[in-house]
Amino acid sequence: MAKIRPLSGFPEWLPEQRLVEQRVLDEIRARFESYGFAPVETRSVEPLEQLTSKGATDKEIYVLRRIHAGEGDPDTGFGLHFDLTVPFARYVMQHRGELAYPFKRYQIQRVWRGERPQVGRYREFTQADIDVVDLDSLSLSFDAEMPRLLAETLAALPLPPVVTGINNRKVLEGLYRGIGIEEVTPVLRIADKLAKIGADNVRRLLGEECGLSVTQADTCLAAAQIRSTDTSFVAAVRALGVTHELLDEGLDELAFVMGELADLPAGSVVADLSIARGLDYYTGTVYEAVMPSRPELGTVCAGGRYDNLVGGSGNVRLPGVGISIGVTRMLAPILAKKQLAASRSVPTCVLVTLPADEARGVARDVTRSLRARGVPTETYHAPAKFGKQLKYAQKRGIPFVWFVPTDAAAPHEVKDLRSGEQIVADPAVWSPPDADLRPSIVRSGAG
RNA sequence: GUGGGUGUAGCUCAGUCGGUUAGAGCGCCUGUCUGUGGCACAGGAGGUCGCGGGUUCGAUUCCCGUCACUCACCCCA
C-alpha cells in the first residue's frame with residue numbers, strides 16, 4: 001500500500017482554511033450578481049476538438065479514459081476543461097436561441113491543467129469568470145464594466161491590493177504594422193515580458209529573435225514602457241510619431257475605457273502598454289491584474305475581448321469580453337502560510353452541553369430554539385464531564401457553551417469561552433452578538 | 001517536456017563514519033488538580049527511515065533505478 005501523500009498541484013484545505021475560501025467565493029458571487037450577471041455552470045469535460053481549437057493549442061489537457069479500456073482503444077474523446085471561457089463559448093453556441101442578449105453570465109468552477117506545479121501554479125484550481133456576449137457587435141462599455149466590477153470585488157476581499165493593467169491589442173498591432181513589422185505575434189510575446197526581463201533584454205531579443213532594426217526595436221520598447229492611470233497615454237503614443245488605422249482605433253477604445261474608469265480609487269487600474277496576453281483569442285481590450293505585494297504570484301486575474309471566439313462559422317457572430325479571477329492563485333499561498341484563517345474550525349456558535357442522559361430532552365429543546373433563531377448550534381453527543389465538553393468546544397474555537405440546568409429549579413447558563421464570563425440566560429430569547437454568529441476571518445503574521 | 005535539490009512519527013527536523021529495542025520539539029490520547037476548558041505535572045499511542053533492486057555476514061545509512069515532493073526554465077489564473 002502506497003503511503004498517503006499530498007498530490008502536488010491539487011490543493012486541499014483544513015476547515016478553517018476552507019471557510020476563508022468559501023467566504024471569498026461568497027463575496028465574489030454577491031458582487032457578480034450585484035451587476036446583474038446570471039449564474040451558469042458547465043460540465044467539467046468538453047470534446048477534445050472543442051478544447052484544442054480556438055487557438056488555445058498549447059494548454060496541457062487532461063484526457064478522460066475508461067479504466068477498462070483496452071490497450072489499443074482510443075480515449076473517450078473528452079478532456080477536462082482548462083478554463084471557463086472555451087466551455088462558455090460552446091455553451092453560448094449551443095443555447096444561442098434561448099439566451100437574451102447582451103448575455104451577461106458568471107461562472108465559478110474548478111479547471112484543470114496538466115502543467116508542472118510551482119508557486120502559484122496548480123493543476124486543479126478555481127476560477128471566477130464574468131463574460132458578456134452580444135449579437136454582431138458588443139458595446140465598448142462592457143470593456144469598461146469588467147475592470148470596474150473586478151476592482152470592486154477585489155477591494156471587498158480580505159486580500160492584498162490588486163492592480164489591473166489594461167491595454168488594447170489594436171494599439172500594439174497598429175503600432176507594429178505602422179513601423180513595418182509584418183510578424184506581430186513574436187514581437188508581442190517579447191514586449192509582454194518587459195516587467196520580467198527588463199528593457200535591455202527586450203531590446204536585445206527584439207533584434208535577435210524578431211529581426212527588428214534598432215529604430216524599430218526602440219519604438220516597440222518605448223511603446224511597451226508607456227503607463228498611465230488616466231488617458232495621458234494617448235499623447236505618449238502619438239509622440240512616437242507612428243500612424244496606422246488600427247492604432248487609431250485601439251487608442252480610441254482604450255481611451256474610452258480608461259475615461260469610463262476615471263472615478264475608481266487611485267491605483268486600481270492602469271493603462272499598461274506592455275500587456276499583450278500571450279497569443280490567445282483576444283482581439284481588442286486585454287486585462288492583466290497583479291498583486292504588487294506578491295509579484296511572485298504573477299497574473300492573478302486576466303481577460304479581454306474576443307470577437308471571434310464564439311461562432312466563427314456561418315453568419316453567427318457573437319463578440320464577447322470577459323475577465324477571470326484566479327481565486328486559487330490569489331488565495332492558496334496565503335492560506336498555506338496561515339496568513340488568513342477562520343476564527344474557528346466549525347460553523348458552530350454554541351455548544352449545548354449534555355450533563356446526563358436524562359437531560360437530552362432539555363438539551364435538544366435549547367438547541368432547536370437557538371437554531372430557529374439562526375444560531376448555528378450543536379449538542380454534545382454523550383453525557384461526559386464538563387471538562388471534556390468544554391475542551392471539545394475550545395479545540396474547535398466554538399465561542400459559547402450552554403449549560404442546561406442539572407435540576408429543574410436551576411436556571412440555564414451560557415458561558416463565553418474567550419472571556420470566561422458565565423451568565424444566566426433564557427433559551428427562548430438569548431442570542432450571541434452578531435459578530436460571533438459566523439466564523440470571522442483572522443489575519444495573522446506578516447504579509 | 002528540460003535541468004538541479006530533497007524523501008526518517010500527523011507536522012518541523014535530528015541521527016545512524018554500515019551493526020542489537022531509530023530520537024526530539026510540537027500535535028494527538030489518557031490521567032491528576034472533589035462534573036467548568038486554556039496552565040502545570042505524569043503516563044501513552046504513533047515509524048516495514050518513499051518504493052524496487054544491487055553490494056555486504058548485516059542497509060534506514062553506500063550504489064543503481066523508480067516514484068513523489070520541491071526549485072528554475074517554458075507557459076500560464
Side-chain angles (χ1 to χ4, degrees), chain A residues 1-11 14 28 56-61 81-86 107-130 150 154 159 162 164 189 192-193 196-197 275-280 282 287-291 294 296-304 322-333 336 338 351 353-356 359 380 382-407 410 413-423:
Chain A
M1 186 67 193
K3 204 170 177 182
I4 294 172
R5 293 187 172 283
L7 259 185
S8 174
F10 292 85
L14 294 172
I28 290 172
T57 45
D58 48 277
K59 298 281 198 297
E60 289 290 342
I61 299 168
H81 58 221
F82 54 81
D83 75 0
L84 300 179
T85 308
V86 170
Q107 197 172 337
I108 304 173
Q109 286 180 242
R110 294 203 201 231
V111 304
W112 295 268
R113 292 184 194 175
E115 297 167 343
R116 269 271 202 296
Q118 259 178 61
V119 209
R121 179 204 263 175
Y122 304 88
R123 297 195 284 194
E124 176 178 67
F125 56 100
T126 301
Q127 289 194 164
D129 274 40
I130 39 170
L150 181 68
L154 294 172
L159 294 172
V162 173
T164 305
R189 290 182 72 137
D192 190 51
K193 297 184 181 201
K196 202 168 189 178
I197 64 176
I275 293 170
R277 288 274 74 222
L279 57 150
D280 278 328
Y282 298 116
Y287 314 105
E288 196 167 280
V290 296
M291 275 184 190
R294 320 277 297 224
E296 75 279 6
L297 296 186
T299 309
V300 295
C301 308
I323 202 160
S324 174
I325 301 179
V327 178
T328 306
R329 174 169 285 186
M330 289 197 303
L331 208 50
K338 307 256 170 103
L351 176 74
T353 57
L354 185 64
Y380 196 78
K385 287 198 203 175
F386 285 143
K388 195 164 180 175
Q389 302 193 44
L390 283 162
K391 212 167 174 179
Y392 176 96
Q394 164 81 25
K395 286 194 62 174
R396 290 161 179 75
I398 298 170
F400 295 100
V401 173
W402 192 281
F403 292 97
V404 301
T406 44
D407 69 273
E413 294 187 10
V414 64
K415 176 174 186 132
D416 183 329
L417 237 44
R418 296 156 301 185
S419 64
E421 186 190 16
Q422 185 166 329
I423 58 169

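Chain naming here is simple, since letters A, B, ... match the order of the sequence lines and numbering starts at 1 in each.
- Within the 4.0 Å cut-off from OP1 or OP2 of B/A68, not a single side-chain nitrogen or oxygen of A/S8 is found.
- In this structure, of B/U36, B/C69, B/G35, it is B/C69 that holds the atom nearest to the side chain of A/R123.
- Taking both residues in full, the closest heavy atoms of A/A382 and A/Q389 are given as O-NE2, 4.2 Å, listed atom of the first, atom of the second, then distance.
- Separation of the C1' atoms belonging to B/U55 and B/A14 is 28 Å when rounded to the nearest angstrom.
- The CG-C1' distance, from A/L390 to B/G37, rounds to 5 Å in whole Å.
- Checking each of A/D129, A/L150, A/T85 against A/I323 for a side-chain contact (heavy atoms from CB on, under 4.5 Å) leaves exactly one that passes, namely A/L150.
- Distance A/K395 NZ to B/U30 P: 9 Å, rounded to the nearest Å.
- Comparing B/A59 with B/A22, their P atoms are spaced 15 Å from each other, to the whole Å.
- Residues meeting the side-chain hydrogen bond (donor to acceptor under 3.5 Å, both in side chains) test with A/Q394, sequence neighbours left out: none.
- Using a 4.0 Å heavy-atom distance criterion, A/A289 is classed as making no nucleic acid contact.
- Atom P of B/U21 sits at a distance of 12 Å from the matching atom of B/U60, rounded to the whole Å.
- A/G298 comes within 4.0 angstrom of nothing in the nucleic acid, heavy atoms only.
- Closest-nucleotide positions on RNA chain B for A/A302 and A/P383 were compared, and the one nearer the 5' end corresponds to A/P383.
- Base contact: A/Y122 has a heavy atom under 4.0 Å from a base atom.
- Taking the P atoms as reference points, B/C62 lies 39 Å from B/C75, given to the whole Å.
- Judged by distance alone, with hydrogens and angles left aside, A/R116 brings no side-chain donor or acceptor close enough to the base of B/C75 to form a pair under 3.5 Å.
- Panel note: side chain A/R123, backbone A/S8; a donor-acceptor pair is recorded below 3.5 Å.
- At a threshold of 4.5 Å between non-hydrogen side-chain atoms, the residues A/D416 and A/F400 count as touching.
- Consecutive Watson-Crick or G-U pairing (both distances under 3.5 Å) extending over three or more pairs maps onto RNA chain B as B:1-7 with B:67-73, B:10-13 with B:23-26, B:28-32 with B:40-44, B:50-54 with B:62-66.
- Counting heavy atoms from C-beta on, the side chains of A/V414 and A/W402 come closer than 4.5 Å.
- Partners of A/R116 by side-chain hydrogen bond (donor to acceptor under 3.5 Å, both in side chains), not counting sequence neighbours: none found.
- For A/K391, counting side-chain heavy atoms from C-beta on, the closest listed nucleotide (B/G37, B/A77, B/C75) is B/G37.
- Remark: of the listed residues A/E288, A/R329, A/R294, A/R329 is the sole one forming a side-chain contact (heavy atoms from CB on, under 4.5 Å) with A/V300.
- Atom-to-atom distance recorded for A/F386:CZ and A/Y380:OH is 12.0 Å, nearest 0.5 angstrom.
- Of the side-chain N and O atoms in A/R277, one or more sit less than 4.0 angstrom from OP1 or OP2 of B/A77.
- The side chain of A/K388 places an N or O atom within less than 4.0 Å of a non-bridging phosphate oxygen (OP1 or OP2) of B/U30.
- Here B/C33 presents its C1' atom at 10 Å from NZ of A/K385, a figure rounded to the nearest Å.
- Nucleic acid contact class of A/V119 (heavy atoms, under 4.0 Å, all strands): sugar-phosphate only.
- In this structure, of B/U30, B/C74, B/A77, it is B/C74 that holds the atom nearest to the side chain of A/Q118.
- B/G5 sits 43 Å from B/G44 when the P atoms are compared, rounded to a whole Å.
- Looking at heavy atoms from C-beta onward, A/R110 lies out of side-chain contact with A/T328 at the 4.5 angstrom threshold.
- Taking every side-chain heavy atom of A/K193 into account, B/C75 is the closest of B/C75, B/A77, B/U36.
- B/U12 and B/U70 are spaced 12 Å apart, taking the P atom of each and rounding to whole Å.
- Side chain of A/Q422, nearest nucleotide from B/A72, B/U36, B/C75: B/U36.
- Judged by distance alone, with hydrogens and angles left aside, A/R189 brings no side-chain donor or acceptor close enough to the base of B/C75 to form a pair under 3.5 Å.
- Between the CD atom of A/E60 and the P atom of B/C76 there is a distance of 12 Å, given to the nearest Å.
- Between the C1' atom of B/C75 and the CD atom of A/E288 lies a distance of 12 Å, rounded to the nearest Å.
- A gap of 22 Å separates the C1' atoms of B/U56 and B/G15, to the nearest Å.
- Take the nearest nucleotide of RNA chain B for A/P6 and for A/F125: the residue whose nucleotide is more 5' is A/P6.
- Following rounding to the nearest Å, A/Y287 (OH) and B/A77 (C1') show an atom-to-atom distance of 16 Å.
- The base of B/A77 sits within donor-acceptor range of the side chain of A/R113, with an N or O pair under 3.5 Å.
- Atom CG in A/D83 sits roughly 8 Å away from atom P in B/A77 (whole-Å rounding).
- On the C1' atoms, B/C13 is 32 Å away from B/U32, given to the nearest whole Å.
- Between the CD atom of A/Q394 and the P atom of B/G27 there is a distance of 13 Å, given to the nearest Å.
- Residue contacts shown for A/I325 are absent, as no nucleic acid heavy atom lies under 4.0 Å away.
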